[in-house]
2 protein chains.
Amino acid sequence: MAIRQIIDFVAIKAACENCRLAALCLPAGLEAPDLKRLEQLVRRPHPLRRGAALFRASDRMHAIYAVRAGSFRTYYLAEDGREKVLGFYLPGELLGFDGLGSGQHRCTADALETASVCELPLAQLQELADRLPSLNHQLYRLMSQEIAHDQEMLLLLSDKNAQERLATFLLNLAQRFGKRGFSAGEFHLSMSRQNIANYLGLTLETVSRTFSQFQREGLLSVERRHVRLLDKRRLSVMAGPGRPASSSTAT
Amino acid sequence: MAIRQIIDFVAIKAACENCRLAALCLPAGLEAPDLKRLEQLVRRPHPLRRGAALFRASDRMHAIYAVRAGSFRTYYLAEDGREKVLGFYLPGELLGFDGLGSGQHRCTADALETASVCELPLAQLQELADRLPSLNHQLYRLMSQEIAHDQEMLLLLSDKNAQERLATFLLNLAQRFGKRGFSAGEFHLSMSRQNIANYLGLTLETVSRTFSQFQREGLLSVERRHVRLLDKRRLSVMAGPGRPASSSTAT
DNA sequence: GCGCCTCTTTGACTCAGATCAAAGACGCCA
DNA sequence: TGGCGTCTTTGATCTGAGTCAAAGAGGCGC
């Protein structure tokens with residue numbers, strides 16, 4: 001228990017320095033005491049196993065989450081059971097404000113591997129926001145980024161071919177990994193081909209074939225879920241227009 | 001001039017009763033004096049002609065707009081000049097908060113026909129919002145609806161075929177016209193086939209062919225831009241899953 | 001009233017990616 | 001250590017929508 005607390009403490013510290021929570025609180029012009037109060041709100045539930053849901057569509061929203069470790073996927077279910085993958089979330093990224101308007105989540109988030117989060121309880125966050133205009137501003141900014149991401153995806157889905165889609169996706173992941181201190185040239189995909197395909201509006205076969213093709217052309221090397229980008233220059237030419245910054249609420 | 005003022009006055013009154021501005025101010029639990037203050041912010045610029053821009057991508061955002069008459073389209077330009085149509089806005093609908101996060105618009109809005117708006121200047125709106133938590137809430141709700149719309153479109157673009165897309169689009173328009181007191185069964189399309197196609201991720205030829213096909217099958221009658229829906233039941237079966245409520249920030 | 005321009009429709013052909021099918025590859029658990 | 005289930009790759013075939021092309025149909029200005 002004592003050990004566990006030490007570990008947790010280190011983790012919190014690491015998270016708050018790197019993660020998107022910083023964008024939520026630090027540059028918001030909060031005074032030191034306000035900032036401390038915000039940090040006191042943070043709760044840290046137990047880790048989730050692969051496949052476990054962080055929240056589900058139509059759940060009452062009661063927190064915003066920051067990924068601490070592992071990764072998540074959000075998706076939403078059509079009435080007939082088809083699912084649409086909306087995004088992937090890496091350590092340091094925020095998710096869950098899709099329900100800010102209605103108070104209900106509109107999509108489901110589940111863990112792609114064992115993962116843990118920091119939780120910002122909504123009630124207290126809102127109370128704080130009502131007194132701190134700058135906090136509201138941060139929330140607008142975050143929702144705005146969500147919109148930006150979705151609109152990039154609209155462009156990708158209506159204009160881009162399979163190669164452009166996959167290249168865009170990989171470069172975006174690389175950028176996000178890089179920004180969080182991981183390697184931007186070599187990484188592990190925590191999502192299946194099926195999930196990538198669904199996210200990109202393709203079939204898993206097409207994704208698989210396109211990976212193989214990229215490898216044949218020397219753009220990258222791939223073995224199952226391990227990817228190394230060998231020629232980012234050429235990849236970004238392939239990815240086509242629209243900042244490669246697409247792929248998730250991430251920035 | 002006197003006459004013009006009278007007309008304007010009537011128009012304001014009509015707009016504030018029907019339009020989405022109501023969702024922004026009326027049910028927000030504002031006290032009467034606050035509400036009056038909000039209404040005093042409203043400005044009414046001159047009408048725009050077909051093709052004229054209400055705001056442009058990368059413009060500094062200085063207002064939220066409510067469509068008073070006519071209709072608008074929003075689109076955004078990729079670096080290579082390709083454009084992607086993001087949405088259409090009918091009388092009573094709100095647009096322009098894509099820039100709430102950054103203070104800059106991310107897309108361009110232009111008039112599809114002669115059109116006019118009510119304008120809520122951002123500076124004053126924000127000032128008011130900083131003192132009225134419920135107004136912030138309304139803004140969250142509106143942004144949230146924008147996200148909901150975009151996500152419906154993601155589903156449409158990755159899963160639906162041409163017929164499903166067009167059926168979804170037409171039913172959505174019908175629903176929105178109906179909600180605003182126009183006929184939900186028969187209406188005029190203010191946007192070209194090209195715009196519809198771009199919005200739906202198709203080519204204009206495919207849109208045109210699909211219209212013809214629907215007509216052959218007795219689902220609707222169409223002549224240029226005049227559409228009459230003859231069998232909504234069957235159309236909504238065609239449209240497939242996902243509330244037909246897609247198509248714009250509208251609700 | 002004529003000519004021009006934009007928008008729309010329709011046809012013929014092509015192709016990227018979906019679908020169908022089957023065979024490896026790996027991880028997990030008993 | 002072996003067997004099973006899931007994930008991935010690869011091949012063969014099919015098809016919906018894109019592309020290219022051409023002809024009608026309004027609308028508008030002169």
Side-chain angles (χ1 to χ4, degrees), chain A residues 49-51 71 73 82-85 110-114 155-170 188-217 219-227 238 240, chain B residues 49-51 73 82-85 110-114 156-170 188-217 219-227 238 240:
Chain A
R49 311 188 135 270
R50 178 185 142 91
S71 54
R73 139 190 105 131
R82 280 189 289 187
E83 57 183 52
K84 169 69 194 163
V85 174
D110 58 15
L112 287 167
E113 56 199 321
T114 301
L155 186 64
L156 178 142
L157 290 175
S158 49
D159 261 20
K160 297 191 175 185
N161 66 26
Q163 296 172 29
E164 293 172 323
R165 293 183 197 196
L166 188 60
T168 302
F169 173 67
L170 292 172
H188 174 82
L189 299 169
S190 55
M191 65 296 283
S192 67
R193 299 285 188 269
Q194 179 61 265
N195 276 324
I196 296 173
N198 185 313
Y199 178 64
L200 296 177
L202 300 168
T203 58
L204 75 159
E205 293 96 328
T206 298
V207 169
S208 177
R209 274 188 252 270
T210 307
F211 265 121
S212 302
Q213 184 194 343
F214 282 178
Q215 183 159 40
R216 275 196 306 277
E217 294 175 358
L219 292 165
L220 51 76
S221 73
V222 56
E223 206 203 322
R224 294 210 114 220
R225 297 196 177 184
H226 185 86
V227 178
M238 298 220 55
Chain B
R49 311 188 136 271
R50 177 185 143 91
R73 141 190 103 132
R82 281 189 287 188
E83 58 182 52
K84 169 69 193 164
V85 174
D110 59 15
L112 287 167
E113 57 199 319
T114 301
L156 179 143
L157 290 175
S158 49
D159 261 21
K160 296 190 176 187
N161 66 23
Q163 295 173 29
E164 293 172 324
R165 294 182 196 197
L166 189 61
T168 303
F169 173 67
L170 292 172
H188 175 82
L189 299 169
S190 56
M191 66 295 282
S192 67
R193 298 286 188 269
Q194 178 62 264
N195 277 324
I196 296 173
N198 186 312
Y199 177 65
L200 296 177
L202 301 168
T203 57
L204 74 159
E205 293 95 327
T206 298
V207 169
S208 179
R209 273 188 254 269
T210 307
F211 265 121
S212 301
Q213 184 194 341
F214 282 178
Q215 182 159 42
R216 275 196 305 278
E217 294 174 358
L219 292 165
L220 50 76
S221 73
V222 54
E223 206 202 322
R224 294 210 114 219
R225 300 198 177 181
H226 185 87
V227 177
M238 299 219 55

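Scope of the values below: all heavy atoms of this structure, side chains included, with no hydrogens, waters or symmetry mates. First the proteins, then the strands, lettered A, B, ... as listed; each starts at 1. Fair warning: this is a prediction, and the values are worked out from it, not measured in the lab.
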> Starting at CG of A:Leu204 and ending at C1' of D:dT6, how long is that distance when rounded to a whole Å?
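Between C1' of D:dT6 and CG of A:Leu204: 12 Å.
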> Report yes if some heavy atom in the side chain of B:Val227 is under 4.5 Å from a heavy atom in the side chain of B:Phe211; otherwise report no.
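Of all side-chain heavy-atom pairs linking B:Phe211 with B:Val227, at least one is under 4.5 Å.
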> Between atom CD in B:Gln213 and atom C1' in D:dG16, what is the gap in whole Å?
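Rounded to whole Å, this separation is 11 Å.
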> Measure from CG on B:Leu166 to C1' on D:dG16 and round the result to the nearest Å.
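One finds 15 Å between C1' of D:dG16 and CG of B:Leu166, rounded.
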> Could you tell me whether A:Thr203 contacts a base, only the sugar-phosphate backbone, or nothing, with contacts defined as non-hydrogen atoms closer than 4.0 Å?
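Answer is base: heavy atoms of A:Thr203 come under 4.0 Å of a base.
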> Which of these, A:Glu83, A:Arg82, A:Arg193, sits in a side-chain contact (heavy atoms from CB on, under 4.5 Å) with A:Asn198?
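Going through A:Glu83, A:Arg82, A:Arg193 one by one, the side-chain contact (heavy atoms from CB on, under 4.5 Å) with A:Asn198 is satisfied by A:Glu83 alone.
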> In whole angstroms, how far is the P atom of D:dT15 from the CD atom of B:Gln163?
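To the nearest whole Å, that distance equals 15 Å.
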> Are any of the side-chain heavy atoms of A:Thr168 and A:Met238 separated by less than 4.5 Å?
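Sidechains of A:Met238 and A:Thr168: no contact.
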> Measure distances between side-chain N and O atoms of B:Arg209 and base N and O atoms of D:dG16, and say whether any donor-acceptor pair falls under 3.5 Å.
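No.
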> Nearest-Å distance, CG (A:Leu157) to P (D:dA17)?
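To the nearest whole Å, that distance equals 15 Å.
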> What's B:Arg165 touching, base or sugar-phosphate or nothing? Going by heavy atoms closer than 4.0 Å.
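B:Arg165: no heavy atom of the nucleic acid under 4.0 Å.
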> Reading DNA chain C in the 5' to 3' direction, which nucleotide is the first one with an atom under 4.0 Å from a heavy atom of chain B, and which is the last?
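Terminal contacting nucleotides, 5' to 3': C:dC7 to C:dA12.
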> Is there side-chain contact between B:Leu166 and B:Ile196, with at least one heavy-atom pair below 4.5 Å?
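Yes; the side chains approach each other to less than 4.5 Å.
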> Rounded to whole angstroms, how far apart are CZ on A:Arg216 and P on D:dT10?
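After rounding, the gap between these two atoms is 7 Å.
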> Roughly how many Å is it from NE2 in B:His226 to C1' in D:dA25, rounded to a whole number?
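Between C1' of D:dA25 and NE2 of B:His226: 17 Å.
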> To the nearest Å, give me how far apart CZ (B:Arg49) and P (D:dC28) are.
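That distance rounds to 12 Å.
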> Select base, sugar-phosphate, or nothing to describe what B:Ser208 touches, counting heavy atoms under 4.0 Å on all strands.
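Base, at least one base atom sits under 4.0 Å.
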> If you count the non-hydrogen atoms of other residues, nucleotides and ligands that lie under 6.0 Å from CZ in B:Arg225, is the total more than 12?
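Count over threshold, so yes.
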